[in-house]
Amino acid sequence: MGDEDLDEYPSAVKLISSPASPHLAEFSQEAATASLVAFDVQWNPDFEEGSDNPVALLQLAFPTSGSTYVLQLPLMGAVPESAQKLFESSKVLTVGFATSFDKHKLEISGVKVDKSTLIDVQPWCEAEMGENSSVRQGWRVGLKRAARCVLDFELEKTCTMASSNWERQELTTAQVEYAAMDVWVALRLYQQLAPVYGAAVGKRQKTMYYRQILPIFSIFKQCCPSTFDQIDYAQRKRNNIGELIDETLEIFEIHGGEDAFINIKYMIPTYESCMLG
């Protein structure tokens with residue numbers, strides 16, 4: 001498939017349920033030459049207080065072949081080395097949707113994740129869909145809605161399937177298809193949005209200060225306490241941290257070069273440009 005637009009559905013879905021699976025060699029060969037892979041994970045729901053279940057299913061999709069692989073980790077004993085290298089390599093971009101908790105689950109499952117090459121396309125989708133106000137209120141866009149709005153594709157997702165038993169020895173056809181489509185849609189979202197939002201990825205080494213500063217700014221950006229009808233002396237004294245962060249972000253955008261806004265928007269989805277009208 002290469003640089004061509006990806007089809008709505010993967011060209012092949014390959015289930016790997018044991019070290020002796022014939023698809024494992026195919027996967028390892030494809031992983032060895034990959035520079036980009038999409039991923040998703042499933043685990044049994046953490047219903048009990050204090051539970052933190054490891055990854056039960058690891059899904060990986062490759063744009064070149066159009067293949068998706070669904071790995072049943074409990075039956076394999078461990079994450080295959082070829083899969084681990086994908087997440088550890090500084091030369092492979094790993095793409096996912098809403099990846100923050102996925103990273104944690106991978107790490108407790110024995111996978112070291114190179115965060116500098118991991119791309120979460122959820123903020124890209126929210127920026128593309130104009131969902132800044134929703135994000136500001138704590139609502140995040142889900143994969144189903146992102147697929148509909150960005151790709152014009154109806155992804156079948158149900159709470160029943162999402163919370164099903166992912167550790168069962170024999171997965172149902174519906175479970176395998178659900179898992180494969182989740183990761184495939186994440187890959188398609190990346191391909192669709194990377195030309196616009198991916199410029200920040202290619203220049204990360206030149207803009208590492210963004211990754212160091214902006215996450216902290218994101219935490220404190222909304223710290224503008226309401227004073228109702230009282231006088232806000234913090235404005236006069238210039239010690240309102242939320243407003244100071246807004247001013248600093250505008251300076252970053254104005255003086256940070258042509259990719260400044262993309263970098264800021266990637267790390268702080270609620271930021272509105274001061275230069276784009």
Side-chain angles (χ1 to χ4, degrees), residues 3 35-39 63 87 89-100 102-103 113-141 143 145-146 149-151 186-225 234-235 237-277:
D3 296 327
S35 59
L36 169 67
V37 62
F39 78 97
F87 293 96
S89 174
S90 60
K91 299 179 180 179
V92 180
L93 290 180
T94 50
V95 177
F97 186 93
T99 62
S100 58
D102 292 350
K103 289 185 292 186
V113 179
D114 185 341
K115 296 179 178 62
S116 68
T117 55
L118 189 149
I119 301 171
D120 188 347
V121 297
Q122 185 184 40
W124 293 6
C125 294
E126 291 165 342
E128 183 73 8
M129 295 163 61
E131 291 289 344
N132 293 321
S133 59
S134 298
V135 173
R136 191 178 296 116
Q137 296 171 23
W139 296 95
R140 304 304 301 270
V141 169
L143 184 61
R145 186 157 172 258
C149 296
V150 178
L151 302 174
L187 182 60
R188 290 184 62 208
L189 287 168
Y190 171 82
Q191 187 193 56
Q192 179 78 11
L193 298 176
V196 177
Y197 300 96
V201 177
K203 299 185 178 181
R204 280 179 175 174
Q205 297 304 320
K206 297 181 181 179
T207 58
M208 285 303 292
Y209 62 90
Y210 281 119
R211 296 189 65 84
Q212 296 167 350
I213 297 174
L214 294 183
I216 306 301
F217 278 13
S218 180
I219 295 172
F220 292 100
K221 185 176 183 294
Q222 304 304 321
C223 292
C224 297
Q235 290 182 332
K237 298 177 180 178
R238 292 185 56 77
N239 61 6
N240 186 313
I241 189 170
E243 292 186 355
L244 291 174
I245 286 175
D246 284 336
E247 292 179 16
T248 304
L249 291 175
E250 290 179 0
I251 293 172
F252 277 10
E253 182 183 2
I254 294 170
H255 300 287
E258 60 180 315
D259 295 320
F261 173 69
I262 296 175
N263 278 280
I264 296 170
K265 193 71 174 178
Y266 179 75
M267 301 299 294
I268 306 178
T270 59
Y271 178 73
E272 297 286 356
S273 174
C274 65
M275 299 178 64
L276 299 180

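Computed from a predicted structure; not experimentally measured. Throughout, numbering of the chain's residues begins at 1 and tracks the sequence.
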Quick check: do [X] and [Y] have side-chain heavy atoms less than 4.5 Å from each other?
X: Leu249; Y: Leu214; result: yes
X: Leu93; Y: Tyr190; result: yes
X: Ile119; Y: Tyr197; result: no
X: Asp114; Y: Thr94; result: no
X: Tyr271; Y: Phe261; result: yes
X: Leu193; Y: Val150; result: yes
X: Thr117; Y: Val92; result: no
X: Arg145; Y: Met129; result: yes

**Report entry** Residues in side-chain hydrogen bond (donor to acceptor under 3.5 Å, both in side chains) contact with Arg140, at least two apart in sequence or another chain
**Finding:**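 Expected list: Gln122, Glu126.
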
Query raised in the report: How would you list, by chain and number, every residue that makes a side-chain hydrogen bond (donor to acceptor under 3.5 Å, both in side chains) with Lys265, sequence neighbours excluded?
Result: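 For Lys265, the residues satisfying side-chain hydrogen bond (donor to acceptor under 3.5 Å, both in side chains) (neighbours in sequence not counted) are Asn132.
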
Query raised in the report: Just by distance, do the side chain of Thr248 and the backbone of Leu244 share a donor-acceptor pair under 3.5 Å?
Result: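 Confirmed, Thr248 side chain pairs with Leu244 backbone.
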
Query raised in the report: Which heavy atom in Ala146 sits nearest to a heavy atom in Leu189, and how many Å separate them?
Result: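 In terms of heavy atoms, the two residues are closest at O-CD2, 4.0 Å.
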
Query - Results of ring-ring contact (aromatic ring centres under 6.0 Å, His included) for Phe39 - residues two or more places apart only - result: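 Applying ring-ring contact (aromatic ring centres under 6.0 Å, His included) to Phe39 gives Phe87.
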
